[in-house]
Asker: 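Mind looking over this structure? Questions follow.
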Amino acid sequence: MAEPSSPAAATPAPTDAEREDALDRMLTRLALAEDARLAPLLARVLPYAITSFASPAASVRKLVMEILSHINKRVKHRPEIPLPMLDLWKIYTESASSSIVRNFCIVYIEMAFERLPSEEKGNIAPDLLINISNVPAQHQGIILRLVSKAIGECNARKVDDTIASKYRSISGSDDGLVFADFGFHTILYQTPSQGIGCPAGLSLAQADRVTGKLPLKGDALTSRKLGILNVLEAMQLASEIVYPIYLAGASDSQESVTKRGDELLKRKASTANLEDLKLIKKLFTLFNGTASAENIAAELKVAPAPSSLRVRLMSVFCRSIAAANAFPYTLQCIFGCIYGSGTTSRLKQLGMEFTVWVFKHAVMDQLKSRFHR
């Protein structure tokens, strides 16, 4: 059977009638196949069926749905039956694939990836990040979760040189930034105490993107965080990009993550430019959150960082002249330290120290505009 993704120049595209006939025969073969012989049949049937969604013919799409329904029933509770991951990924990434084909493809890519051996997941994971910045947001979340799960399984202790070079190949691109941002949110994520609510430092939307709305806790979460820290180190990103991530890691509730984050912060991010206004604004947003903003949807409002991280952030602000001049963030930070609902005696003390720093280093015109109205 010809591959559905073969170049059109090789063979003419099948007509709807021909495709319908082929799908009908496939459905019969699936129904007659024993479970032990299902895998090689699925390797041919599943890619062909999904690409058939490109046909506008209702009869073709009806047959495809019957085939997919049959496959779902047969493999749902049989994780040992593999699905053709690489063929599905090839279809998904082809520019000619329509949105409906991609939408169904991503469902079975997720299912196929989960069935791979851990080592194979680890080898494939970096390839899934290529062009991640250009896929729809919902698909992005699915792919990023697959990658981070593989990283947790395979890279919590180390990243092999071959795999490291794959991740490093996207370091200077938007794809690398998308992954780093997702890694940042994963490091910040803490399991809510009652299983509901928004973790400190994140919005509900960000937390759902990290977890897929499924529980993420215990050793699985710790391994994922350690693996992400190791992969980010291997990617050799700019210090200003990884600084907030390592800072969050060094403030984690798990000792192993705290130790690794602190090590990377000192060894790999100590050269970060604390006068970089973009970095400082990102750190202030982490400290203050955006919960008080009125023009942001509720699920997008970011909660302030946890107290342990806020204490570390204050020590950063008290070493940055840019932080002393980053109004209105500067004032919001001071107010949060001294009067905020979640403040502590340590944060109040640091808030006063930062106030002194601001009066010492803020540009006089900035101060006048804020306090002489």
Side-chain angles (χ1 to χ4, degrees), residues 76-77 79-80 110-126 128-129 140-160 163 167 179-234 242 244-265 286 289 299 302-312 342:
K76 184 176 181 180
H77 300 294
E80 74 279 7
E110 186 173 14
M111 199 184 297
F113 192 83
E114 296 282 4
R115 293 159 188 261
L116 295 173
S118 287
E119 185 178 353
E120 197 170 344
K121 287 181 189 175
N123 289 335
I124 292 175
L128 302 188
L129 294 176
Q140 243 185 38
I142 293 170
I143 295 167
L144 288 165
R145 284 191 295 274
L146 292 178
V147 171
S148 67
K149 186 173 183 181
I151 286 172
E153 290 180 16
C154 304
N155 306 121
R157 294 184 181 276
K158 65 174 184 176
V159 184
D160 292 339
I163 302 301
Y167 282 112
F179 174 70
D181 205 39
F182 183 81
F184 183 36
H185 296 155
T186 304
I187 299 297
L188 282 168
Y189 182 83
Q190 300 290 336
T191 308
S193 56
Q194 303 299 320
I196 56 173
C198 181
L202 295 174
S203 68
L204 283 172
Q206 289 168 343
D208 287 346
R209 186 171 162 92
V210 167
T211 64
K213 298 186 179 181
L214 295 173
L216 182 57
K217 55 188 176 181
D219 291 344
L221 178 58
T222 300
S223 295
R224 206 169 289 193
K225 290 185 178 188
L226 289 171
I228 285 172
L229 288 173
N230 290 337
V231 167
L232 289 171
E233 179 192 19
V242 295
I245 307 173
Y246 294 162
L247 200 63
S251 309
D252 196 75
S253 60
Q254 294 298 313
E255 184 181 356
S256 56
V257 179
T258 301
K259 184 178 178 182
R260 184 67 173 133
D262 200 44
E263 175 195 352
L264 291 171
L265 188 63
L286 182 59
E299 68 274 12
V302 177
S307 293
S308 57
L309 179 51
R310 295 178 107 200
V311 167
R312 280 185 171 266

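Computation of the quantities below employed the complete heavy-atom set of this structure, encompassing side-chain atoms and omitting hydrogens, waters and symmetry-equivalent molecules.
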Asker: Are Phe179 and Val231 packed together at the side-chain level, in the sense that at least one heavy-atom pair is separated by less than 4.5 angstrom?
Answerer: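 A side-chain contact under 4.5 Å exists here.
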Asker: Quick one: salt bridge (Lys or Arg N to Asp or Glu O under 4.0 Å) partners of Glu80, sequence neighbours excluded?
Answerer: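 Scan of Glu80 (salt bridge (Lys or Arg N to Asp or Glu O under 4.0 Å), adjacent residues dropped) gives Arg78.
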Asker: In the structure I gave you, are the side-chain heavy atoms of Phe184 and Leu286 within less than 4.5 Å of one another anywhere?
Answerer: yes
Asker: Taking all atoms of both residues into account, what is the closest heavy-atom pair of Ser307 and Gly342, and its distance?
Answerer: OG-O, 3.8 Å
Asker: Taking all atoms of both residues into account, what is the closest heavy-atom pair of Cys154 and Ser118, and its distance?
Answerer: SG-O, 3.0 Å
Asker: Tell me, please, which residues at least two apart from Val242 pass side-chain contact (heavy atoms from CB on, under 4.5 Å).
Answerer: Leu237, Tyr246, Ala269
Asker: To the nearest 0.5 Å, what is the distance between CG on Leu128 and CG on Leu146?
Answerer: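 The CG atom of Leu128 sits 7.0 Å away from the CG atom of Leu146.
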Asker: Could you list all the side-chain hydrogen bond (donor to acceptor under 3.5 Å, both in side chains) pairs where at least one residue sits in residues 215-229, not counting sequence neighbours?
Answerer: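 Counting only pairs at least two positions apart or across chains, the side-chain hydrogen bond (donor to acceptor under 3.5 Å, both in side chains) contacts touching residues 215-229 are Lys225-Asp252.
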Asker: Among residues at least two apart in sequence or on other chains, which ones pass side chain to side chain donor-acceptor pair (under 3.5 Å) with Gln254?
Answerer: none
Asker: Excluding sequence neighbours, so at least two apart, what forms side-chain contact (heavy atoms from CB on, under 4.5 Å) with Pro306?
Answerer: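 In terms of side-chain contact (heavy atoms from CB on, under 4.5 Å), with neighbours along the sequence ignored, Pro306 is linked to Ala200, Ser308, Leu309.
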Asker: Once rounded to the nearest 0.5 Å, what's the spacing between atom CG of Leu221 and atom OH of Tyr189?
Answerer: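 It comes to 7.5 Å.
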Asker: Are side-chain heavy atoms of Leu129 and Leu144 found at a separation under 4.5 Å?
Answerer: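 Yes, their side chains come closer than 4.5 Å.
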Asker: Are there more than 12 heavy atoms of other residues, nucleotides or ligands under 6.0 Å from atom CD of Glu114?
Answerer: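 For Glu114, atom CD is crowded (more than 12 foreign heavy atoms under 6.0 Å).
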Asker: Is Arg145 salt-bridged to Glu110, cutoff N-O under 4.0 Å?
Answerer: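 A salt bridge is absent here (no side-chain N lies under 4.0 Å from a carboxylate O).
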Asker: In chain order, what residues pass the side chain to side chain donor-acceptor pair (under 3.5 Å) check against Ser253, with sequence neighbours excluded?
Answerer: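 Ser253: side chain to side chain donor-acceptor pair (under 3.5 Å) contacts with Gln190.
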Asker: Taking only residues two or more places apart in sequence or in another chain, which ones pass side chain to side chain donor-acceptor pair (under 3.5 Å) with Gln140?
Answerer: Arg209
Asker: Find the distance between CG (Leu216) and OG1 (Thr186) and round it off to the nearest 0.5 Å.
Answerer: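 These two atoms lie 8.0 Å from each other.
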Asker: Mind checking what makes side-chain contact (heavy atoms from CB on, under 4.5 Å) contact with Glu120, not counting sequence neighbours?
Answerer: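 Scan of Glu120 (side-chain contact (heavy atoms from CB on, under 4.5 Å), adjacent residues dropped) gives Leu116, Pro117, Ile124.
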Asker: With Pro126, which residues qualify under side-chain contact (heavy atoms from CB on, under 4.5 Å), at least two apart?
Answerer: Ile163, Lys166, Tyr167
Asker: Give, for atom CD1 of Ile187 and atom CG of Leu247, the distance between the pair rounded to the nearest 0.5 Å.
Answerer: 12.0 Å
Asker: Suppose we screen for salt bridge (Lys or Arg N to Asp or Glu O under 4.0 Å). Which residues come up paired with Glu153, at least two apart in sequence or across chains?
Answerer: Lys121
Asker: From Glu263 CD over to Leu265 CG, what is the distance, rounded to the nearest 0.5 angstrom?
Answerer: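 Atom-to-atom, Glu263:CD and Leu265:CG are 11.0 Å apart.
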Asker: Looking only at heavy atoms, which two atoms of Pro199 and Ala207 are closest? And how far apart?
Answerer: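 Residues Pro199 and Ala207, closest heavy atoms: CD-CB, 3.8 Å.
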Asker: Nearest 0.5 Å, what's the OG1-CG distance between Thr258 and Asp262?
Answerer: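 The distance works out to 8.0 Å.
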Asker: Indicate yes or no: at least one non-hydrogen side-chain atom of Ile228 is less than 4.5 angstrom from one of Ser148.
Answerer: yes
Asker: Which pairs with one or both residues in residues 184-193 pass salt bridge (Lys or Arg N to Asp or Glu O under 4.0 Å), sequence neighbours excluded?
Answerer: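 Every pair satisfying salt bridge (Lys or Arg N to Asp or Glu O under 4.0 Å) with a residue in residues 184-193: there are none.
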Asker: Taking side chain to side chain donor-acceptor pair (under 3.5 Å) as the definition, give me every residue that meets it alongside Asn230, ordered by chain and number, with sequence neighbours left out.
Answerer: Arg260
